[in-house]
Amino acid sequence: TQTTRPQRILAAVQKNATRGDPRSVVKAIDQFCRHKEWAMNVGDEKGCILDSVVTEVNPATVLELGTYCGYSTVRIASLLPSHAKLITLEFDPGNAAIARQVIAWAGLADKIQLVEGASGDWIPKLKEKFGIETFDLVFLDHWKDRYLPDTKLMEECGLLRKGSILLADNVICPGTPDYLEYIRNSPRYKSQYFKSHLEYTKAEDGLEKSVFLG
Ligand SMILES: CNc1ncnc2c1ncn2[C@@H]1O[C@H](/C=C/CNC(=O)c2cc(-c3ccc(F)cc3)cc(O)c2O)[C@@H](O)[C@H]1O
Ligand SMILES: [Mg+2]
């Protein structure tokens with residue numbers, strides 16, 4: 001019977017990556033997606049920008065919206081300080097199951113809390129459920145038409161503090177026009193665009209980094 005793309009990505013990790021070595025997991029997925037089968041991971045080029053932001057922010061608390069196969073989850077968690085926590089939300093059970101195994105292979109399960117559910121349902125519960133005050137860094141990479149409503153929801157739920165960083169993937173391709181318009185014109189954010197390319201292609205894409213001003 002036919003496997004799914006996430007299942008094929010996991011197989012590539014288990015075949016080519018070293019258990020407990022997050023960078024080898026990242027490399028195995030990038031090799032597979034560049035040479036065998038494209039997939040919507042943030043990828044190696046935008047991944048380097050993600051790495052630099054994570055390193056600069058050195059966050060104690062991270063929220064990721066849209067785990068998919070766990071590529072960016074592993075990439076971010078591999079750079080976090082020992083006490084730091086990453087919560088990642090994924091509502092597709094199949095994708096969540098694959099991501100858990102990718103995260104386990106990387107040896108990062110103790111740093112990552114994968115919550116199987118929809119961002120709209122879970123954002124209002126994160127404080128009480130996980131004892132989170134605010135997030136130092138949020139990585140947005142889920143359905144593109146949900147970036148704006150979920151950002152407003154995070155504001156309303158008091159999950160952002162002065163200095164919290166939002167990093168959004170795909171602001172050009174597929175594009176998040178309503179989010180960009182809001183975040184670039186709001187007096188409550190200072191934004192910066194990092195021009196790059198759509199993962200594993202020559203098409204333009206980029207990341208938008210926004211600081212919440214309180
Ligand atoms: C809405 N609330 C939500 N709560 C929890 N999880 C959610 C979610 N929305 C989506 N998800 C999950 O995130 C993932 C979805 C990601 C959506 N990403 C994209 O559509 C995307 C798409 C492209 C893309 C670009 C060009 C192209 F030709 C085709 C695709 C590139 C990317 O980098 C992308 O991130 C899935 O695993 C889905 O189940
Ligand atoms: Mg993306």
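In listed order, ligands and their atoms are each counted from 1. Since the structure is predicted, the reported quantities are computational estimates derived from the model, not experimental observations. Residue numbers start at 1 and run along the sequence shown.
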Centres of the His142 and Phe91 rings: under 6.0 Å?
no

Kindly assign one of parallel, tilted or perpendicular to the pair Tyr189 and Phe212, based on the angle between their ring planes and the thresholds 30° and 60°.
tilted

So which heavy atom in the protein is nearest atom 39 (O) of ligand 1, and how far is it from that ligand atom?
Glu90 OE2, 2.5 Å

Which atoms of ligand 1 are found less than 4.0 Å from any heavy atom of Tyr68?
37 (O)

Leu126 and Leu63, any side-chain heavy atoms less than 4.5 Å apart
yes

What do you reckon, is CZ of Arg19 surrounded by more than 12 foreign heavy atoms closer than 6.0 Å?
no

Side chain, backbone, both or neither: which applies to Trp38 and ligand 1 if a contact is any heavy-atom pair less than 4.0 Å apart?
side chain

State if Tyr147 counts as touching ligand 1 under the rule of any non-hydrogen atom under 4.0 Å.
no

Describe, in one word, how the ring planes of Tyr179 and Tyr147 are oriented to each other, choosing from parallel (under 30°), tilted (30 to 60°) and perpendicular (over 60°).
perpendicular

Ligand 1 atoms nearer than 4.0 angstrom to some heavy atom of Asp169 are 33 (O)

Is the closest basic N to carboxylate O distance between Asp44 and Lys27 below 4.0 Å?
no

Exercise check, heavy-atom protein proximity under 4.0 Å to atom 27 (C) of ligand 1
no

Classify the contact between Arg146 and ligand 1 as side chain, backbone, both or neither, using a heavy-atom distance cut-off of under 4.0 Å.
side chain

Per-residue contact class, Asp205 against ligand 1 - non-hydrogen pairs under 4.0 Å
neither

Any heavy atom of Pro174 closer to ligand 1 than 4.0 angstrom?
yes

Flag Ser72 as yes if one of its N/O/S atoms falls below 2.8 Å of the Mg ion (ligand 2), otherwise no.
no

Side chain to side chain contact (heavy atoms under 4.5 Å, CB included) evaluation trace for His35 with Tyr200
CA-CA 9 Å; His35 302 298; Tyr200 319 116; over 6 Å; no

Just jot down the ligand 1 atoms closer than 4.0 angstrom to any heavy atom of Glu199, in number order.
31 (C), 32 (C), 33 (O)

One finds that the ligand 1 atoms under 4.0 Å from a non-hydrogen atom of Cys173 are 26 (C)

Where the closest heavy atom to atom 5 (C) of ligand 1 is concerned, which of Pro6, Gly117, Gly66 has it?
Gly117

Taking atom 16 (C) of ligand 1 as the reference point, the nearest protein heavy atom with its distance
Asp141 O, 3.4 Å

Shortest-distance N, O or S atom of Asp141 relative to the Mg ion (ligand 2)
OD1

Quick check on contacts: which atoms of ligand 1 are under 4.0 angstrom from a heavy atom of Asn170?
31 (C), 32 (C), 33 (O), 34 (C), 35 (O)

Protein contact to atom 11 (N) of ligand 1 [nearest heavy atom, distance to 0.1 Å]
Phe91 CE1, 3.6 Å

Under 2.8 Å from the Mg ion (ligand 2), is there an N/O/S atom belonging to Glu199?
no

Enumerated ligand 1 atoms positioned under 4.0 Å from heavy atoms of Asp92:
39 (O)

Candidate with minimal heavy-atom separation from atom 10 (C) of ligand 1, of Tyr200, Trp122, Trp143:
Trp143

Pairs of nitrogen or oxygen atoms closer than 3.5 Å, one from Ser119 and one from ligand 1: do any exist?
yes

Using the side chain to side chain contact (heavy atoms under 4.5 Å, CB included) rule, pick out the option among Thr61, Thr134, Ile123 that qualifies with Leu159.
Ile123

Report yes if the side chains of Val171 and Lys144 come closer than 4.5 Å at any heavy-atom pair, otherwise no.
no

